[in-house]
Amino acid sequence: MTDKFDKAPAEEPPEDSPVAKGAATTAVTAPPEQIKAIPVRHWGRWVSGVIVVALLGTLVYAFAQGNVRWDTVGDFIFDDRILGGMGRTLLISVLSMAIGLVLGVVFAVMRLSKNPVTGAVAWLYIWFFRGTPVFVQLLLWFNLGLVFEYVNLGPVYKDEMVDVMTPFMVALLGLGLNEGAYMAEIVRAGIQSVDEGQTEAAHALGMNNSKTMRRVVLPQAMRVIVPPTGNEFINLLKTSSLVAVVSYVDLTRAAQNIGSTSFAVMELLLVASVWYLVLTSIFSVGQFYLERRYARGSLRTLPPTPWQKVKANMLSLTSPRGV
Amino acid sequence: MTAMVKAEGVHKSYGAAHILKGIDLEVAPREVFCLVGPSGSGKSTFLRCINHLEQINAGRLSVDGRLVGYREKGDKLYELKDSEVAAHRRDIGMVFQRFNLFPHMTALENVMEAPVQVKGEAKAVARARAERLLDRVGLADKAGNYPSQLSGGQQQRVAIARALAMEPKLMLFDEPTSALDPELVGDVLDVMRGLAEDGMTMIVVTHEMGFAREVGDALVFMDDGVVVEAGNPRDVLTNPQHDRTKAFLSKVL
Ligand SMILES: Nc1ncnc2c1ncn2[C@@H]1O[C@H](COP(=O)(O)OP(=O)(O)OP(=O)(O)O)[C@@H](O)[C@H]1O
Ligand SMILES: [Mg+2]
């Protein structure tokens, strides 16, 4: 196939002929001759494309033939109970993430502090909440009433544990505290990625430690923190389906409830999957733009948006030189 | 007249490594004080001690009559709180070899940051001064650029403007031109020359002997944590007295 790489047949005369010499002297202003090469044919891309499409077709066919009542999927996709469940999934995920972020920053700073006590406490927190399954943690919060009958904050607040630990509170504490442990490690890595010279420059300008952290270190750490945080959030959206076990009626639980009463278990699980996909897709796009924003100042040119990338990829299938 | 910087028997160690072994020197106000010496002799360490980025282990070090890092009461020394150390540093500008601009802020924001955040100055006031300072270092048209969009020489000039924005009475320069391509060194030295003419007190660690000879009022040659030779730059550079000074100068001149 090497012949395909050859330049278009050379028509210019040999170097040392008088004509060539004349051309060379006038060529100072003339634009250089463009290379006219025959493009590489990307046979591999076409073959693999066809194979993948064929496999996908088989899968779709199988489901179409299978005993799935697709009209039922359609019937329930905008069901109020499903939408309500989705709302609660979203609510619990966003709130847990917010708790996780705050705890993450606090525990990361504690772990990096010179104070050995705060450092040890942070280490212990991360050790426990990262080292045990979130499923077990949810059950622990759920059953807290077994060991503590009352929540007693002295004169401030006193109530029965079962009244405090509603399914919502259990879900929030379980997911939020778990997330905080992961976020603490992400934030710590972000803070440590910032050059020490930055802290020194801020100190030399007379900034105290907390100003230095808030104005100089954390904004730069964000570049390292945001991408894994986006992944964490998308993970959390899906992990939140575990709260069904503490009888919080989220999207999964709602789908299961309907499915078991209407004998359409598979159909309702597909409904739930569709909505999870919608949510994760929306947040993936959001994550991309957030990353772009925090790349500000560290990159000379920002990465292309998904749309720009799609366009470039479409072109690379047909264009001579794929990007 | 009190000295701007006065060091008496200053020692500094990192663990077992004894870096500064008794530094004595005095920097007068409005003086351009050059610090030269081989790599590892402790020049940066001494500079960092002056604004308490490092703590000295023995001796006395004062800036404008105030002890660095301590308060003296009777014959006892009390360590200063972080906030007090930060307050002392406001009067001392520092310029680093690797610029250390804040990459997430534009040149203008870099210069405005400390006056607004540390002194609580109004943004409009800080902005006006920042624009004036950027103009002074020849970068009025780069105010909106991020550091990654500036050349090394431009970044270092922004860093100088950033330090000047706090209106310091003392400027510390730690090899401000040694990370720069040769053709960019001149712009930075020009800015420093202008500062010297305006009467800024400056301590400059440098390998630019031309600058030291032309602009410097005093020069100290340091080696292995001690001051080997001190005097007028022109005398020391043309007629060094010590063998170690001679050996060093023969390599860099
Ligand atoms: N944080 C530290 N811990 C341990 N040793 C250090 C530390 N900082 C500096 N040193 C040591 O102190 C010595 C003096 O360092 P310093 O940076 O002051 O030298 P310098 O004269 O500025 O050299 P250069 O011209 O290369 O910048 C070096 O041997 C260095 O290894
Ligand atoms: Mg140094």
Side-chain angles (χ1 to χ4, degrees), chain A residues 105 108-110 112-119 186-187 189-227 229 289-304, chain B residues 44 47-48 50-54 81-107 109-120 144-150 155 158-159 162-168 170-174 179:
Chain A
V105 172
V109 171
M110 278 171 70
L112 292 172
S113 86
K114 289 184 197 122
N115 185 336
V117 178
T118 58
I186 291 173
V187 173
I191 289 175
Q192 285 177 327
S193 76
V194 178
D195 187 81
E196 235 182 317
Q198 294 289 312
T199 309
E200 281 186 0
H203 281 165
L205 286 166
M207 289 195 193
N208 59 23
N209 287 330
S210 72
K211 275 257 161 61
T212 302
M213 184 54 81
R214 269 187 297 129
R215 298 285 310 173
V216 175
V217 177
L218 279 181
Q220 293 182 60
M222 285 306 273
R223 199 167 47 87
V224 174
I225 292 173
V226 166
T229 303
Y289 283 96
L290 207 61
E291 280 175 32
R292 242 169 92 91
R293 183 174 177 287
Y294 280 104
R296 205 180 42 171
S298 63
L299 301 170
R300 278 174 188 239
T301 52
L302 291 173
Chain B
S44 300
L47 219 54
R48 293 158 55 81
I50 294 176
N51 67 355
H52 208 248
L53 286 175
E54 304 288 352
K81 286 185 289 191
D82 280 352
S83 57
E84 293 170 310
V85 171
H88 279 204
R89 286 185 183 131
R90 294 180 194 183
D91 295 335
I92 306 172
M94 184 154 190
V95 174
F96 300 86
Q97 182 171 355
R98 290 186 303 118
F99 329 134
N100 293 351
L101 287 180
F102 304 136
H104 56 302
M105 301 179 194
T106 63
E109 288 165 349
N110 262 280
V111 182
M112 286 170 61
E113 181 67 8
V116 172
Q117 295 298 325
V118 178
K119 284 189 184 162
N145 284 32
Y146 285 99
S148 63
Q149 299 163 329
L150 295 170
Q155 287 187 54
V158 173
R162 178 176 71 174
L164 291 175
M166 289 298 280
E167 299 178 324
L170 168 67
M171 286 281 284
L172 309 173
F173 292 86
D174 192 359

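Every chain is numbered from 1, with letters handed out A, B, ... down the list of sequences. Note that the structure is a prediction, hence the values are computed from the model and not measured.
Contact tally against chain A (heavy-atom pairs below 4.5 Å) for B:I92, B:L101, B:N145: the top residue is B:L101. The choice from B:M94, B:E113, B:M166, B:M105 that makes the most heavy-atom pairs within less than 4.5 Å of chain A is B:E113.
Neither the backbone nor the side chain of B:L172 has a heavy atom closer than 4.5 Å to any heavy atom of chain A. Both the backbone and the side chain of B:F102 come within less than 4.5 Å of a heavy atom in chain A. Residue contact with chain A, scored on non-hydrogen atoms closer than 4.5 Å, involves the side chain of B:L53 exclusively.
For B:R48, the CZ atom counts as densely surrounded, since its 6.0 Å shell holds more than 12 non-hydrogen atoms of other residues, nucleotides or ligands.
Distance alone, capped at 3.5 Å, places no donor-acceptor pair between the B:R98 side chain and the B:A179 backbone. One N or O on the side chain of B:Q149 and one on the backbone of B:Y146 form a donor-acceptor pair closer than 3.5 Å.
For the residue pair B:H88 and B:N51, no side-chain donor N or O sits within less than 3.5 Å of a side-chain acceptor on the partner.
The salt bridge (charged side-chain N to carboxylate O under 4.0 Å, His left out) test applied to B:R90 returns no partner, not counting sequence neighbours.
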